[in-house]
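Each remark here refers to the structure printed beneath this line.
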Amino acid sequence: MRSTFEYNIIVEDLIARYGDKTVLDGVNMKVRPSEVRVILGGSGCGKSTLLKHIIGLATPAGGKVELLGVDLASADEPDKDAVLGRVGMLFQGGALLNALTIHENVALPLREKTGLPGDVIDEMVAMKLALVGLSHAHDLTPPELSGGMKKRAALARAMAMDPAVLFADEPSAGLDPITAAALDELLISLKTQFGMSLVVVTHELASVETIADRVTMLDKGHVIAEGTLEEVKATPHPMVRAFFGREGEGEEEQRSVLQAFGSDGGRA
Amino acid sequence: MVALEGDLVVDAVPAISKRLAAIAGPGERVEVDLSAVTDIDSAGVALLSLFLKRMDASGREVALVRVPDSVKVTLELFPFVGARVAPDVERRAVFDRVGAWAEGIADLVLHFLVVAADTSWFVVTGVFKRRGVRWHVMFYEMAQMGSKALGVVSLIAFLVGATMALQSAAQLRQFGADIFVVDLIGISMTRELGPLMAAIVVAGRSGSAVAAEIGTMMISEEIDALKTMGLHPTRFLVVPKILAITITQPLITAFADAAGILGGFLVATFYLDVGAESFIQRLQESLFLKDVVTGLIKSVIFAWLIVSVGAICGFRTRGGADAVGRSTTTSVVAGIFAVIVADALASLVFYFGD
Ligand SMILES: Nc1ncnc2c1ncn2[C@@H]1O[C@H](COP(=O)(O)OP(=O)(O)OP(=O)(O)O)[C@@H](O)[C@H]1O
Ligand SMILES: [Mg+2]
């Protein structure tokens with residue numbers, strides 16, 4: 001389902017809080033159709049939080065989020081439903097329903113949200129599971145899968161409805177390099193074949209090189225760099241430099257910034 | 001009483017020093033109110049330190065009160081001054097606690113109403129819609145919440161019925177009123193004890209199971225995943241359970257009623273010399289359909305309470321695996337409490353309604 005918007009996602013001055021802890025403080029981002037946006041940043045800097053705010057699982061404390069032209073925070077149920085029907089999300093922890101088999105997990109949105117006959121649904125599920133290399137795992141339940149298999153099954157579920165926007169929170173974490181490369185191929189073909197917008201959180205720099213059209217880098221609740229990978233790499237911000245560990249840079253400097261990383265994940 | 005305000009820092013110290021100098025000599029207890037102090041540096045602390053020493057020297061009691069946390073942190077770096085910070089006045093703390101508690105209760109009640117309203121809405125609209133209700137899940141839940149509880153509920157009711165007959169026999173026999181044991185057992189079982197015992201067992205078995213299931217799904221983001229698929233967690237998870245228990249709870253209760261009466265019957269015939277025939281005859285005379293139906297209606301209300309309380313405890317789970325454990329425990333206690341309160345209210349309604 002190709003969308004006709006100029007931007008599938010518009011995030012304006014987003015402020016996100018848990019209690020009185022501000023995690024995101026004025027974040028801006030716009031994602032076009034057929035674009036892979038990679039979100040980078042240290043652990044705990046609010047990447048998952050950003051995704052949750054975009055798909056309406058959390059209400060912004062300030063600013064505005066538009067997903068496929070709809071502001072989920074203020075939309076009524078039918079509008080919200082329509083948008084969510086065109087959005088897929090791969091959660092960081094997979095979030096497969098433990099009570100259901102892998103097949104049933106992937107079939108769930110199709111069963112509940114479309115009027116398709118059962119055999120068509122089964123065929124679609126088989127296709128999606130084949131795409132992520134899990135054809136043999138239909139009847140297993142999530143606790144019977146390895147971490148990487150869970151991730152792939154969750155991706156199959158996120159793709160079940162052929163979404164216009166796909167969010168993936170660390171899709172290749174826990175995958176071997178070969179499977180990870182295959183996954184990157186898959187993400188790129190989703191973009192080119194279906195015109196999807198993809199928002200991908202990842203820590204794998206090799207993967208960023210392959211898939212990213214544009215990169216947004218977060219630190220301490222702010223966007224510190226935005227643009228193509230080359231543009232972002234050229235940003236003089238010390239965190240960016242440490243992240244990409246560019247040649248000619250003293251180890252000292254890198255280490256000190258990385259310590260800053262570890263000491264305080266989010267913003268106090 | 002002296003109140004200081006603003007920044008207690010180098011620049012401000014001379015002026016404040018003059019104000020404090022005015023307090024001298026012996027006299028009643030001095031309280032230095034720091035609630036309006038926005039910042040303090042070591043000059044400010046030194047000022048307070050000098051003041052405290054001066055008061056001590058003149059034998060006057062002194063305390064620093066209503067110290068903001070930001071200031072307290074600094075004061076505590078200097079033990080002499082830090083030790084003089086009066087603990088926050090208890091009265092305030094109590095009100096704060098009561099306030100927080102009331103807020104929590106209000107929040108809980110609101111949450112309960114939201115879940116109850118959602119559930120009713122989805123039950124009513126779902127029944128008439130294609131794919132509105134997940135019927136296969138409902139049948140599964142009926143087995144979990146119904147059939148599997150049947151044995152233990154019946155056994156407990158049987159024992160309670162027999163015990164009641166035995167206990168009351170001694171009293172009734174004194175008046176030669178043995179036969180009234182039938183009234184006693186029949187009416188108390190159907191109106192009161194059957195529904196109550198069934199509900200308490202089911203709260204322990206199924207209320208906790210509901211809380212644990214939903215709680216686990218909360219912390220593993222499965223609930224979030226449902227939401228992003230456009231599936232309302234209440235419709236998806238709570239509605240099948242509510243429908244299932246609406247069918248099973250009256251059935252379990254009917255079994256409990258019967259088992260309780262059977263227990264009474266056995267004691268009455270073998271121990272009390274109330275003949276089997278006269279027991280049955282008396283039961284037919286004394287027990288009205290209304291008693292049974294009243295009990296069954298109550299059992300349905302209890303069932304809804306148990307599932308809703310379990311669901312809310314589940315949805316309120318935040319954190320890790322330990323949080324699921326807490327939710328589960330809470331759901332049992334809160335579920336049984338809700339059932340007993342509802343039972344008391346129902347007794348009032350039926351009593352005055354008669
Ligand atoms: N439910 C929550 N309640 C309170 N604080 C939270 C909650 N979820 C996240 N946080 C805090 O918000 C900050 C950002 O968390 P988030 O999960 O968005 O990080 P992240 O960038 O995805 O990190 P990672 O790369 O490790 O997944 C963290 O400091 C975390 O402690
Ligand atoms: Mg994350």
Side-chain angles (χ1 to χ4, degrees), chain A residues 18-19 48-49 51-58 67 72 75 77-100 104-116 118 121 142-143 150 153-155 157-161 163 165-167 169, chain B residues 69-70 73 100 103-104 107 114 117-118 121-122 125-126 129-141 143-144 209-210 212-241 244 314-315 317-321 324:
Chain A
Y18 293 111
S48 302
T49 303
L51 296 197
K52 282 188 185 159
H53 279 77
I54 298 176
I55 54 175
L57 285 175
L67 179 56
L72 291 179
E77 286 297 323
D79 285 350
K80 224 171 142 173
D81 244 31
V83 169
L84 290 177
R86 307 183 60 196
V87 170
M89 167 93 177
L90 162 57
F91 285 83
Q92 191 165 5
L96 295 163
L97 301 185
N98 272 320
L100 305 181
E104 289 166 341
N105 259 289
V106 180
L108 185 64
L110 296 165
R111 261 208 193 112
E112 296 288 331
K113 287 285 160 186
T114 71
L116 293 172
I121 291 180
K150 271 186 206 151
L155 179 62
R157 184 180 67 184
M159 299 187 310
M161 300 277 282
V165 183
L166 182 74
F167 297 90
D169 201 343
Chain B
D69 285 340
S70 55
V73 175
E103 224 169 77
D107 189 41
V114 168
D118 278 350
W121 168 252
F122 287 121
T125 57
K129 245 182 9 196
R130 210 168 69 82
R131 283 198 318 278
V133 174
R134 299 160 71 225
W135 297 109
H136 58 289
V137 179
M138 189 191 87
F139 292 125
Y140 171 80
E141 296 289 357
Q144 291 297 317
V210 172
E213 178 186 342
I214 296 180
T216 311
M217 295 181 75
M218 278 301 293
I219 61 168
S220 63
E221 293 186 316
E222 287 174 50
I223 301 284
D224 281 350
L226 284 177
K227 286 187 194 157
T228 48
M229 287 186 274
L231 303 177
H232 199 294
T234 306
R235 175 177 90 69
F236 195 79
L237 296 168
V238 185
V239 168
K241 296 183 205 298
F315 283 128
T317 309
R318 299 283 183 284
V324 178

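Convention: sequence-line order gives letters A, B, ...; per-chain numbering from 1.
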From CA spacing to verdict: side chain to side chain contact (heavy atoms under 4.5 Å, CB included), A:Phe91, B:Thr228: CA-CA 10 Å; A:Phe91 285 83; B:Thr228 48; 3.7 Å; yes
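Between the side chain of A:Lys113 and the backbone N or O of B:Gly230, at least one donor-acceptor pair lies under 3.5 Å.
Using a 4.5 Å cut-off between heavy atoms, A:Leu96 touches chain B through its backbone atoms (N, CA, C, O) alone. For chain A, the nearby part of B:Leu226 is the side chain; its heavy atoms alone come within less than 4.5 Å. The part of B:Met217 that comes within reach of chain A is its side chain, from C-beta onward, which places non-hydrogen atoms under 4.5 angstrom from that chain. With a 4.5 Å cut-off on non-hydrogen atoms, A:Lys80 does not touch chain B at all.
A:Glu112 has its side chain within reach of B:Phe236: a pair of non-hydrogen atoms, C-beta onward, lies under 4.5 Å apart. When side chains are defined from C-beta on, A:Met89 does not count as touching B:Met229, because their heavy atoms never get closer than 4.5 Å.
Across every non-hydrogen atom of B:Ala225 and A:Ala95, the tightest pair is CB-O, 3.6 Å. The heavy-atom pair separating B:Glu221 from A:Lys52 by the smallest distance is OE2-NZ, 2.7 Å.
Here the CG atom belonging to A:Leu84 is positioned 9.5 Å from the CG atom belonging to B:Leu231, to the nearest 0.5 angstrom. In this structure, CD on B:Glu222 lies 4.5 Å from CG on A:Asn98, to the nearest 0.5 angstrom.
Residue with the most contacts toward chain B among A:Leu97, A:Val87, A:Ile55, A:Val83: A:Leu97 (heavy-atom pairs, distance under 4.5 Å).
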